[in-house]
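Hydrogens, waters and symmetry mates play no part in the numbers below; they use all other heavy atoms, side chains included. Just so we're on the same page: letters track the sequence lines, and every chain starts at 1.
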Protein chains: 4
Amino acid sequence: MGIQERKERERERRRQDILVAAKRVFSDKGFERSTIEDIAREAELSPGTLYLYFKNKDELYASLTVRVLQFMSVRLAHAIEEPGLNYDRKLANLIDAMFDIYEFDPVILNNMFHLQSSETLRDLSPELIEEINTLSRKSLRTIAAVFQEGMDEGRILRRHPTALADIFWSMFTGSVLWKETKQMIGNEQYPLKESIRLGFSLLDKGLRQQALDA
Amino acid sequence: MGIQERKERERERRRQDILVAAKRVFSDKGFERSTIEDIAREAELSPGTLYLYFKNKDELYASLTVRVLQFMSVRLAHAIEEPGLNYDRKLANLIDAMFDIYEFDPVILNNMFHLQSSETLRDLSPELIEEINTLSRKSLRTIAAVFQEGMDEGRILRRHPTALADIFWSMFTGSVLWKETKQMIGNEQYPLKESIRLGFSLLDKGLRQQALDA
Amino acid sequence: MGIQERKERERERRRQDILVAAKRVFSDKGFERSTIEDIAREAELSPGTLYLYFKNKDELYASLTVRVLQFMSVRLAHAIEEPGLNYDRKLANLIDAMFDIYEFDPVILNNMFHLQSSETLRDLSPELIEEINTLSRKSLRTIAAVFQEGMDEGRILRRHPTALADIFWSMFTGSVLWKETKQMIGNEQYPLKESIRLGFSLLDKGLRQQALDA
Amino acid sequence: MGIQERKERERERRRQDILVAAKRVFSDKGFERSTIEDIAREAELSPGTLYLYFKNKDELYASLTVRVLQFMSVRLAHAIEEPGLNYDRKLANLIDAMFDIYEFDPVILNNMFHLQSSETLRDLSPELIEEINTLSRKSLRTIAAVFQEGMDEGRILRRHPTALADIFWSMFTGSVLWKETKQMIGNEQYPLKESIRLGFSLLDKGLRQQALDA
DNA sequence: AATGAATGAGAATTCATTCAT
DNA sequence: CATGAATGAATTCTCATTCAT
């Protein structure tokens, strides 16, 4: 049984190595131009070996997304787990967490967007799709829960918490996307963090306008 | 002279026909899986003919983006041209315009995202890149100008108008993106308009919190 | 009838214009990379028009060769036509003529070599092949005749005149070819004229070794 | 270590198999009409496999030339290596060697000619160009050395040995070329060997005319 | 488990040639 | 005669995937 377990662990470890290699290659060459062989070389394995760990290229792509989603899930949970935090603190922590997630894998959005194209999803195993779905929902629920608390604490307006989480997430991904586009087209630096902070702060303030709103 | 002109017009018309066909194909099959031959068939032309109108596949892709950006530019300008509109009205008009833009070409973001990957941009002609850059800036300036007016009218907080336009745009694209993802992964309907409206209204309110902000 | 003739003349003139344009394009871009459209542009005509004057691309290629062969034929005849020339003078004149031919069209060999490939010849009209054959033979006969005279004058050894003409021609074309190759591979200048002169002078001397030979 | 070596050998063997197949195809169909697919079929491999051994079509072409140049280099060296040979014997051996080279690969000149067009060379790797250059020079030096010895032995006139080697080589290639052309155009047999022997003997005699020359 | 050579289906692109105007 | 837009067959090359070792 111990042997079984060790093998299992080693297998998982190798899988992670491949994913890390893939991430590096994608960062370097972009998705379209990255080949299985590139990734294999980066992972110091042969192309064939990759297929022992991933059904096909799309599953490998998708697994990268899972990796990010797992990190996101953990990181977000961590952001709010400390007991005794009020809405203000938790929101601030969430925002910090988003930056960490971005830095964990700046290519995350390319990744997820790539995944979206129905072509790619078509060949994914249902289990993987389910895993992505579950992880996404979990993170979204964490965010929504914070807004819920804000409402319960009477600090912010009552809106559908999930809707607010959607907006929170959209603003974040939209900003990252826009940063990329601007840099690519205009060759200019984009102050991503400042922009996101300003956006989040405006959203937050907008939610607090109880007096004017009612 | 008349002949010259007519030819010119016919050429432009044919170009547009191809772009429309390309849009249809992309919507159907997604970018990656769409081939030049698919588009040619849809346009009822031969593959070779497409190359009389577009230097290569990437330029064809990019031209689709230009098409959308042109529409956006015109639509946004239209949204604020009516004289005597105050900030409130103009912002509302802008938001309506964004929905029109989305409806004009929901695939727009796939498109622009595709464009983003530096690989694709590498082979674009500098003129095309410049055109995309110019059109983007123009629309952003239109949006920024509205925020500027809001500040000048004393209705909203003084923030960098371009930063606000960036946020406005990011929220929009992020929402569209997220809608796609959610539908793809979770198979659920996403109330895009409501979400965007809520987001924009929160941003707007956030900007108006003068009293709390100072 | 006069009209008929004028038309004929104009047609021939246009044909020559096209050939001149083709020659320029080939010199610039090489054979493989030259397209019918390139030639048409250089000739300030449309691609379709070229097909009114040449059955297809191969015939156009071949006609270039004919052009050179015609020039060669005339130039060689001219080299020996002056009455009262002895073998020595005629041989010297022939050699000068070869340089003129080379300068008339340095690409000549590419041309003729290209023609050689059976693929190209397959589609040529029998008339054109016959014309090339006739012109080649004519020039060779001119060269052979000079050697014949040298023998009749007792100045050179008796060898098969045609064989000597073949050698004369081979040395010339081989040198031009080798010049090209050396320049291409080694990037060095090649003293073509000096080399050919030395070669021809050695051949000539070899032919005169009556005493030693017998 | 043994495994490494065996793989290396097998790889080289496969490379040679492909080159042999390519040679057959080129002989059959000529260069222009030979496609990668043709060669792959002849080699009983798939098209993709060829690209594991050759960067692209031009490199495959060029490698054929290298093959011939290697043979030439070895064959020429062999021709003069026997100790105690004087100039007369060495020259005779060189000439025999040239015939062997011709028979080793009659398509050689097509090949080298093809290579000449700068278009083709443009895409060759610098290493390959360098290899071709080096091999060519080596053979030329071997030929030149024989002439040098002839001069040192006082048997032939003092001329630049390299220039004589150029002429030697030009006469050979020119003859082969001319044989092809004559057969193609006139459908007649051409006595290549006799022609070349006559040419070389004339050159040789021309060089020996010390008395007349001085 | 790992390898990596081989596969072969595709994809983008070119260009000689045609033909309606 | 001339045009030049359109054609579409043909070609090179790529790369995810397989499978014998």
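Distance CG (A:Asp17) to C1' (E:dA2): 15 Å, rounded to an integer number of Å. Distance B:Asp58 CG to E:dT13 C1': 13 Å, rounded to the nearest Å. Between the CG atom of D:Asn56 and the P atom of F:dT14 there is a distance of 8 Å, given to the nearest Å. Remark: P of F:dC1 and CD of C:Glu44 are 19 Å apart, rounded to the nearest angstrom. Remark: C1' of F:dA6 and CD1 of B:Ile18 are 11 Å apart, rounded to the nearest angstrom. In this structure, CZ of B:Arg33 is placed 13 Å from P of F:dA16, rounded to the nearest angstrom. Between the CZ atom of D:Phe54 and the P atom of F:dT12 there is a distance of 15 Å, rounded to whole Å. A straight line from NZ of D:Lys57 to P of F:dT11 spans 8 Å, rounded to a whole angstrom.
Partners of A:Glu131 by salt bridge (Lys or Arg N to Asp or Glu O under 4.0 Å), not counting sequence neighbours: none found. The side-chain hydrogen bond (donor to acceptor under 3.5 Å, both in side chains) test applied to B:Thr49 returns B:Ser46, not counting sequence neighbours. Listed by chain and number, the residues in a salt bridge (Lys or Arg N to Asp or Glu O under 4.0 Å) with B:Glu130 amount to none (sequence neighbours excluded). Applying the salt bridge (Lys or Arg N to Asp or Glu O under 4.0 Å) criterion to D:Glu10, with sequence neighbours excluded, gives D:Arg6. Taking D:Arg14 as the reference, nothing meets the side-chain hydrogen bond (donor to acceptor under 3.5 Å, both in side chains) condition, with sequence neighbours excluded. Residues passing the side-chain hydrogen bond (donor to acceptor under 3.5 Å, both in side chains) test with B:Arg67 are B:Gln16, sequence neighbours excluded. Every residue was checked against the side-chain hydrogen bond (donor to acceptor under 3.5 Å, both in side chains) condition with A:Asp105, not counting sequence neighbours, and none meets it. Taking C:Phe26 as the reference, C:Phe31, C:Tyr61 meet the ring-ring contact (aromatic ring centres under 6.0 Å, His included) condition, with sequence neighbours excluded.
Close to E:dG8, at under 4.0 Å from its OP1 or OP2, lies no side-chain N or O of D:Ser46.
Within the 4.5 Å cutoff, the side chain of B:Tyr53 has no heavy atoms near those of the B:Leu60 side chain. The side-chain heavy atoms of C:Glu12 and C:Arg9, taken from C-beta on, include no pair separated by under 4.5 Å.
The stretch residues 36-43 of chain C touches DNA chain E through C:Ile36, each having a heavy atom within less than 4.0 Å of the strand.
D:Arg11 comes within 4.0 angstrom of nothing in the nucleic acid, heavy atoms only. At a threshold of 4.0 angstrom between heavy atoms, the contacts of D:Tyr53 are confined to the sugar-phosphate backbone, with no base atom among them.
Mapping D:Pro47 and C:Lys7 onto DNA chain F by nearest heavy atom places C:Lys7 closer to the 5' end of the strand. The residue among C:Lys55 and A:Leu50 whose nearest nucleotide of DNA chain E lies closer to the 5′ end is A:Leu50.
For the strand DNA chain E, secondary-structure stems (runs of at least three Watson-Crick or G-U pairs, all distances below 3.5 Å) span E:2-21 with F:2-21.
Under the salt bridge (charged side-chain N to carboxylate O under 4.0 Å, His left out) criterion, the residue pairs touching residues 34-52 of chain B are B:Arg24-B:Glu42, B:Lys29-B:Asp38, B:Glu37-B:Arg41, B:Asp38-B:Arg41, with sequence neighbours excluded.
Of the listed nucleotides (E:dT3, F:dT3, F:dG4), F:dT3 has the atom at the smallest distance from the side chain of C:Leu52. Comparing E:dT17, F:dC15, F:dC13 by their closest approach to the side chain of C:Tyr51 singles out E:dT17. Comparing F:dT12, F:dT3, E:dA2 by their nearest atom to the side chain of A:Arg14 picks out E:dA2.
Listed here is the closest heavy atom pair of A:Pro47 and A:Ala40: N-CB, 3.6 Å.
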Short N/O separations, protein against nucleotides 19-21 of chain E, under 3.5 angstrom:
none

